[in-house]
There are 2 protein chains.
Amino acid sequence: MVNIGDVARAAGVARSTASYALSGKRSVSDEVRRRVAEVAAELGYTPNAGARALATSRAMVIGLLAQFLPDEFAPAMLQYIQGVANTARDLGYDILLSSDPDGPAALKRLTDSRMVDGVVLLNVAEHDERLPVLRAAPQPGALVGLPGDCTGVDVFDLDFEEAGRAMVEHLAGLGHRELLLVSQPEHVIERGGAYVWRLQNAALETAAVRGVHLRVVHGSSSQPDIGRDLHALLDAHPETTGLLLNNEAAAAALPTVMHERRLTAPADLSVIGRYSDEFARTFSLPFSSIESAPDRLGRMAVRQLVRRIEKELTDDAPHVVRFVAPELVDRGSTAPPPAR
Amino acid sequence: MVNIGDVARAAGVARSTASYALSGKRSVSDEVRRRVAEVAAELGYTPNAGARALATSRAMVIGLLAQFLPDEFAPAMLQYIQGVANTARDLGYDILLSSDPDGPAALKRLTDSRMVDGVVLLNVAEHDERLPVLRAAPQPGALVGLPGDCTGVDVFDLDFEEAGRAMVEHLAGLGHRELLLVSQPEHVIERGGAYVWRLQNAALETAAVRGVHLRVVHGSSSQPDIGRDLHALLDAHPETTGLLLNNEAAAAALPTVMHERRLTAPADLSVIGRYSDEFARTFSLPFSSIESAPDRLGRMAVRQLVRRIEKELTDDAPHVVRFVAPELVDRGSTAPPPAR
DNA sequence: CTGAAAGCGCTTACAG
DNA sequence: CTGAAAGCGCTTACAG
């Protein structure tokens, strides 16, 4: 493989000059710069990444720690990964993807070995075991998802509380008085999926204020269980006129369940979900929803991370916790409740 | 960060000895080995990846080139990624994920810079522009998907021809005489998605042999278009008693379409798909299907790739083209056609 | 069994 | 404006 020595020789300059000519980090005569560039292109020179990383302490790689948990709905995960990967590439970074179930160990290895200049954590839990490892690492980290303790990291998440409020306000405003919120399974909460109860509590509060009845239930996060769950719930609570979904698997299963019950939205039942537009398209979901903005969150996280990596933000610059405001995408699945 | 010099000093040996003690690449007295190991653990030593890569010409990283094409159904892609990532990790390799739409450029950069020791290509097309780049690279490559020219690479794919035969044989054997095969959109074929016509041609041949009528149509690969397509097709061809799906989006949309038409499988219509079991679970698909085995294909590709990287297979060892035999997963969606 | 040294391919102070 | 040299942190022949 051709290295910078070959380029320098062919251009008739010193290796350092070739390096500077290519990087532009110090002034080089136009003549030399042109010759070096020409020769480099001709020989097809690409710097050796390991050597560069060793010399600069910059790998130009971002670690992406995703966990494919059995109780997470995988297609929803993919969108965060795409958002992170696309933004990283635009900013000149490659993505090292770790799906190791042992997140803390994987994170420690990636950071200690200096393979990555920073990391993005997906699937962040309330008490995330990866956080102590991340705080001890010299590299910065950005999270998608709100943990209990945000010190030392930049955090990006959907404003799930506002999402809960907005969903209830919307349906209450249309006149609904009997609402049902389908959340994730209980063990997602136990594992620390804070977004579940953040939305849920805000929804309950808003319901109390508006004087409407909101029942919270936990559905499975996998098929076909969630389909059975939904049938059972609609059987058990026939008074329900408005359905709120904070569970992607439930959203994906609902069209089938409604067909089976000969229900249509919004004539028989008003429905609001919480998922991304891309997800809605993939599953052909006809329900209005709070946009969960995975691409935007991924982009925000990477942008901030790169700012820290490149020292545009000093190490002691305060860390941010930024919430994306929920936006209601109207797909026409809500209306005043049917007259009785 | 602690480096091998620190470990050596703390253990009272030379850096080379520390290195050998940790790698086991030459004999070291038990006493020294133990002391080095102890000190390394105590100090939390992790080798610098860039330095090691530079010294050994091994990055311990595999490049994964995925393309999220607008006409590919993303959730199906994810499973190949998981298969590759899991196997790589088991074998001690990390994954560099590239989703760059400019595949050839991304591949060239990753290989020229020596960031990766080998690459796995997903989404391989008949005339894949990444292949010339890969053949010119010093690193080995493994493909998931069959290109027109397999020289210089190891290839793994589902046996789509056998899959086409098996689907038709199965339905013909049950007595069906009017079959409809829903393929990918035409532009997937134009782009070089050979698996589409491989299955299709084999299916047509088998149908001819068995004397049954098989109509091939192309459906959209995205929602909600594919739903409309399916309705139109079933309207246009009411004589159809057996439906074959080589289109993941169509499979995901079909349950809704059948509900809307008040059709059930297999009473009104026999259905066979071609997708993975994991996919069937995600979308709660009740149809029998030819298993597309993404995890298995990903694993096979990585295993072979690592064999080449680690020189278990010499450079001139013949490259393989290996097909996974299609397996029919019976979900009870086929039966003899309804009596007329 | 162990150590001193060279070298992987870069970048970047240090000199001029 | 340019060059010679040191150094990043490893591994691995070369000596003993």
Side-chain angles (χ1 to χ4, degrees), chain A residues 1-37 39-40 43-61 109 111-117 138-139 310-311, chain B residues 1-37 39-40 43-61 109 111-117 138-139 310-311:
Chain A
M1 219 65 251
V2 36
N3 63 30
I4 199 160
D6 301 328
V7 173
R9 197 169 325 113
V13 298
R15 285 163 52 205
S16 54
T17 303
S19 175
Y20 284 121
L22 291 171
S23 73
K25 285 191 184 167
R26 87 176 177 191
S27 47
V28 170
S29 72
D30 278 0
E31 158 71 17
V32 167
R33 187 201 316 291
R34 210 175 25 70
R35 215 165 59 226
V36 169
V39 166
L43 300 180
Y45 168 68
T46 307
N48 179 296
R52 174 175 276 182
L54 184 57
T56 61
S57 310
R58 282 282 163 78
M60 300 306 291
V61 173
R109 200 173 50 76
T111 52
D112 281 0
S113 69
R114 302 298 192 132
M115 291 185 92
V116 300
D117 301 321
Q139 294 99 333
E310 301 186 347
K311 304 291 180 196
Chain B
M1 219 63 256
V2 35
N3 62 30
I4 198 160
D6 301 330
V7 173
R9 196 170 325 112
V13 297
R15 285 162 52 204
S16 55
T17 303
S19 174
Y20 284 121
L22 292 171
S23 72
K25 286 191 184 169
R26 86 176 180 192
S27 45
V28 170
S29 73
D30 278 0
E31 159 71 18
V32 167
R33 186 200 317 288
R34 212 177 20 73
R35 212 163 60 225
V36 170
V39 166
L43 300 180
Y45 168 68
T46 306
N48 179 297
R52 174 174 278 183
L54 185 58
T56 61
S57 311
R58 282 283 163 78
M60 299 308 289
V61 173
R109 200 173 50 75
T111 52
D112 280 0
S113 69
R114 303 298 192 132
M115 291 186 89
V116 301
D117 302 323
Q139 295 99 333
E310 301 185 346
K311 304 292 180 194

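Every chain is numbered from 1, with letters handed out A, B, ... down the list of sequences. Remember, it's a predicted structure, so these values are computed and weren't measured experimentally.
Annotation: side-chain hydrogen bond (donor to acceptor under 3.5 Å, both in side chains) contacts of A/Arg114 (sequence neighbours excluded): none. Listed by chain and number, the residues in a side-chain hydrogen bond (donor to acceptor under 3.5 Å, both in side chains) with A/Arg15 amount to none (sequence neighbours excluded). Scored by the side-chain hydrogen bond (donor to acceptor under 3.5 Å, both in side chains) test, A/Arg35 finds A/Glu31 as partners (sequence neighbours excluded). The side-chain hydrogen bond (donor to acceptor under 3.5 Å, both in side chains) search around A/Thr46 returns B/Asp112, not counting sequence neighbours. Looking at residues two or more places apart in sequence or on another chain, you find a side-chain contact (heavy atoms from CB on, under 4.5 Å) between B/Ala14 and B/Ser16, B/Thr17.
A heavy-atom distance below 4.0 Å to DNA chain D is reached by these residues of residues 5-17 of chain B, ordered by number: B/Arg15, B/Ser16. Residues from residues 48-56 of chain A that place a heavy atom under 4.0 Å from any atom of DNA chain D, listed by number: A/Leu54, A/Ala55.
Counting any heavy atom pair closer than 4.0 Å across all strands shown, B/Ser27 reaches a base atom.
Annotation for A/Arg109 and A/Ser113: closest pair O-OG, 2.8 Å, computed over non-hydrogen atoms. Summarising the geometry of A/Leu54 relative to B/Ala51, their closest heavy-atom pair is CD1-CB, 3.7 Å, with the distance given to 0.1 Å. Between B/Val36 and B/Ala18, the closest heavy-atom pair is CG1-O, 3.9 Å.
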Show which side-chain atoms of residues 19-29 of chain A pair as donor or acceptor with protein atoms under 3.5 Å away, not counting sequence neighbours.
{"from": "A/Ser23", "atom 1": "OG", "to": "A/Ser19", "atom 2": "O", "distance (Å)": "3.3"}
{"from": "A/Ser23", "atom 1": "OG", "to": "A/Lys25", "atom 2": "N", "distance (Å)": "3.2"}
{"from": "A/Ser29", "atom 1": "OG", "to": "A/Val32", "atom 2": "N", "distance (Å)": "3.2"}

All N/O donor-acceptor pairs, side-chain side in residues 1-10 of chain B, below 3.5 Å, sequence neighbours left out:
{"from": "B/Asn3", "atom 1": "OD1", "to": "B/Gly5", "atom 2": "N", "distance (Å)": "2.9"}
{"from": "B/Asn3", "atom 1": "OD1", "to": "B/Asp6", "atom 2": "N", "distance (Å)": "3.1"}
{"from": "B/Asp6", "atom 1": "OD2", "to": "B/Asn3", "atom 2": "N", "distance (Å)": "2.9"}

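Between A/Ile4 and B/Ser29, the residue anchored nearer the 5' end of DNA chain C, judged by the nucleotide with its closest heavy atom, is B/Ser29. Between B/Val28 and B/Ser57, the residue whose closest nucleotide on DNA chain C is further toward the 5' end is B/Val28.
The backbone N or O of B/Arg58 sits nowhere less than 3.5 Å from a side-chain atom of B/Asp117 that would complete a donor-acceptor pair.
Chain A approaches DNA chain C within less than 4.0 angstrom (heavy atoms of the protein), and the contacting nucleotides run 5' to 3' from C/dG9 to C/dC14.
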request  = Using Watson-Crick or G-U wobble pairs with both distances under 3.5 Å, give me DNA chain D in dot-bracket, 5' to 3', with [ ] for crossers and | for pairs to another strand.
outcome  = |||.||||||||.|||
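Annotation: salt bridge (charged side-chain N to carboxylate O under 4.0 Å, His left out) contacts involving residues 47-56 of chain A, sequence neighbours excluded, are absent.
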